[in-house]
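Below is one structure, written out as structure tokens; the observations come after it.
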Amino acid sequence: MSKKQKKMLIRIIAASVLLILLNLLKLPEAASAAGYFIAYLVIGYDILRKAWKGILNRRPFDECFLMAVATLGAIALAIYEKSGDYNEAVAVMLFYQIGEFFQSYAVGKSRRNITELMDIRPDYANIETDGTLEQIDPDEVEIGSVIVVQPGEKVPIDGIVTEGSSTLNTSALTGESVPRACGVGDEIISGCINLTGVLKIRTTKEFGESTVSKILELVENASSLKSRSEEFISRFARVYTPAVVYSAVALAVLPPLARMLTGLPAGWNDWIYRALTFLVISCPCALVISIPLSFFAGIGGASHEGILIKGSNYLETLSKVRTVVFDKTGTLTKGVFEVSGIHHSPMEDAELLEYAALAECASSHPISRSLQRAYGKEIERNRVSEIEETGGEGVRAVVDGHRVAAGNEKLMKRLGITPIDCRSTGTIIHVAIDGAYAGHIVISDLEKPGVKEALAALRNAGVNRLVMLTGDAEKVASRVAEDLGIDEYHAELLPGDKVSLVEKLLAERSSERDKLAFVGDGINDAPVLSRADIGIAMGAMGSDAAIEAADIVLMDDDPMKIAKGVRISRKCIRIVYENIVFALAVKFGCLIMGALGIANMWAAIFADVGVMVIAVLNAIRALRVKNL
Ligand code: ADP
Ligand code: MG
């Protein structure tokens, strides 16, 4: 409990005790009035002050104003009626404050719980100096340093294992509970927990650029992007409160006037009391707090499952996704190609592979990484110059003084070289050296396990159009599409074509409300990621550009997580709507009963606090997404 909350609790107890004593002891009238007045100030002074400040700032219509007017009005009525009963005014203030107290406690606690779920921030990094380990601030570790991670410790910075082998718990990043094995040469992302062996890791990034920092940055900024429902609520509150105040004034004045005109007794007291009750009922607090809390819980729950959602607006859009467009390489397939053949080359196979691998040395495309792996030797970058990569086509470079081009048919045709067709199925990398065709390398990719199930889960979640886009050859695309049961695909696309196709798909939707998601790894598709209603990037495999451009990042590249994300967002949005409908229904019901004189101030404040408690508890449900 915070200091502020403790102080509030003391005030609540003090005011309650005073209230009970005043009712038990029969004090003389003046003393009792003074007692009530003190109790009222003890419990409500901050509300009065805030209401006054609001008036001074010319923004008077807030909750504090409503409470202040209602309770001061009740006191004035009691004085006027000489009843000497100030219980109501004090009690209404008291219950209002109890509600506020509960709210700040519950909200604070659930926010802390959610943040704890995402607690992946490493506190230190171990550096070995002269045989002893020294803990230093991860911020101070330079790229290329070797850090030591012992069993039980968090990996603080991204890097490559240089010594040791171990298993890693990646659940904080991916939600995947099965430990992952790693050994020398493996890339490791920060935020995992080292389970079994001691690892030495050569860092490849600074702490600020490492995965953990990126994730924390995303999650911390997530709630600043407001969703439509949240905007609706603030707009609603701006109109609602003044409307309530004016209605209350009308309720206090018009019926008595009407009665006077028709010759009945006016009954001012009764109608003013109803108007004050009306004000108490109208406080919109349940909505105002429960909605951001639901979104925060939804984002927190999703991030625990390895789905990073960058803002509540994206969560809301995700819940309305009807079309999902996939990139092929790295998204539906592993993007880890094996060389399955080298054909039509006038030179040795190994030599051709060497030229291709060297020319590819600067590319981050999965094809490039695979060729370098197949080549197997250290890449001597000083043999390569004038590197130029064209998205969707391939690369050109000068290797050992020879002009080398490696890429698909499109690239060859653009360079005026006639490639030789290949009958094998697989992605074909044609190579030309010094303007002459030098053969091709056939590489093949594997579909990611579980893609079929992931697509079926998406269909189950209400996605009715699945499309695959790829820059790869028609033959490969059609085989993958057929294997996976995707009925619509477009092949041989340049990065720009992907954008125009997505625009076409956006235009073909039957309604603006049906959203389109694009899923990619950001290699040659970062522009599409930002063009789609919602861009989903593969975080582990994907490029930094993708993680920047995407609205949602899947930490473990598991396509199954897309459907899960949709289900999480649906649950969260459902909770938001439940709260809106429930709170408004109770509010309007009470308002009508208050106007009719059925509900008094006591009932009003109970309804208000009750709705708030239920709405907050409901909001917290959005966090529970494990078994969705
Ligand atoms: P996808 O849309 O399937 O992710 P890309 O748009 O990244 O594929 O690439 C499309 C095609 O362009 C590849 O299949 C390959 O033929 C060629 N290509 C792209 N980048 C490279 C590269 N670095 N080296 C060789 N070929 C490349
Ligand atoms: Mg791609």
Side-chain angles (χ1 to χ4, degrees), residues 325-337 339 352-353 355-375 379 384 387-397 399 404-415 419 421-422 424-432 438-448 451 467-481 484 486 489-502 518-529 536-538 541-543 545-546 557 559:
V325 183
F326 293 92
D327 178 50
K328 179 182 75 73
T329 314
T331 305
L332 294 175
T333 64
K334 287 184 173 166
V336 185
F337 296 86
V339 171
L352 185 75
L353 189 57
Y355 275 118
L358 282 167
E360 292 274 10
C361 70
S363 167
S364 58
H365 199 279
I367 289 180
S368 145
R369 281 191 245 167
S370 309
L371 288 180
Q372 292 180 35
R373 200 158 21 84
Y375 171 57
I379 301 275
V384 195
I387 301 172
E388 196 184 313
E389 178 164 6
T390 316
E393 290 188 353
V395 295
R396 286 195 293 161
V399 180
V404 178
N408 54 15
E409 241 179 84
K410 264 200 197 115
L411 178 71
M412 293 296 127
K413 293 213 169 116
R414 193 161 58 82
L415 300 177
D421 249 354
C422 183
S424 332
T425 43
T427 303
I428 317 292
I429 307 301
H430 298 282
V431 184
H440 53 237
I441 305 171
V442 186
I443 55 181
S444 53
D445 196 1
L446 288 177
E447 283 147 22
K448 281 192 193 167
V451 172
V467 185
M468 180 180 90
L469 303 183
T470 177
D472 209 344
E474 166 71 30
K475 242 190 338 195
V476 183
S478 76
R479 204 199 63 226
V480 173
L484 297 176
I486 297 184
Y489 70 88
H490 303 268
E492 297 177 22
L493 302 171
L494 293 176
D497 302 336
K498 292 187 186 172
V499 177
S500 24
L501 258 168
V502 162
F518 180 84
V519 192
D521 58 1
I523 294 166
N524 296 338
D525 54 24
V528 214
L529 278 172
I536 304 178
M538 297 292 166
M541 168 97 189
S543 62
D557 295 5

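When a ligand or atom number is given, it counts from 1 through the structure's own listing order. Small disclaimer: the values here were computed from a predicted structure and weren't measured. Nothing fancy with the numbering, it's 1 onward along the sequence.
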Side chain, backbone, both or neither: which applies to [X] and ligand 1 if a contact is any heavy-atom pair less than 4.0 Å apart?
X: Thr470; result: both
X: Asp327; result: side chain
X: Glu393; result: backbone

Please determine if [X] has a nitrogen or oxygen closer than 3.5 Å to a nitrogen or oxygen of ligand 1.
X: Leu493; result: no
X: Gly407; result: no
X: Thr329; result: yes
X: Asp472; result: yes

Please report the shortest heavy-atom distance between [X] and [Y], naming the atom on each side.
X: Ala359; Y: Val395; result: O-CG2, 3.9 Å
X: Thr331; Y: Asp521; result: OG1-N, 3.6 Å
X: Thr427; Y: Val476; result: N-CG2, 3.9 Å
X: Leu415; Y: Ala405; result: CD1-CB, 3.5 Å

If we ignore hydrogens and angles and just use 3.5 Å, is the side chain of [X] paired with the main-chain N or O of [Y] as donor and acceptor?
X: Lys334; Y: Asp445; result: no
X: Lys328; Y: Val480; result: no
X: Lys413; Y: Asn408; result: no

**Validation row: Thr390, Lys410 side chains within 4.5 angstrom (heavy atoms)** =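 No, every pair of side-chain atoms sits at 4.5 Å or beyond.
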Closer than 4.0 Å to some heavy atom of [X] - which atoms of ligand 1 meet that?
X: Glu389; answer: 23 (N)
X: Val395; answer: 23 (N)
X: His365; answer: 5 (P), 7 (O), 9 (O), 19 (C), 20 (N), 23 (N)

**Item:** Within-shell test, Lys498 vs ligand 1, heavy atom, strictly < 4.0 Å
**Value:**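 For ligand 1, residue contact (heavy atoms, under 4.0 Å) with Lys498 is present.
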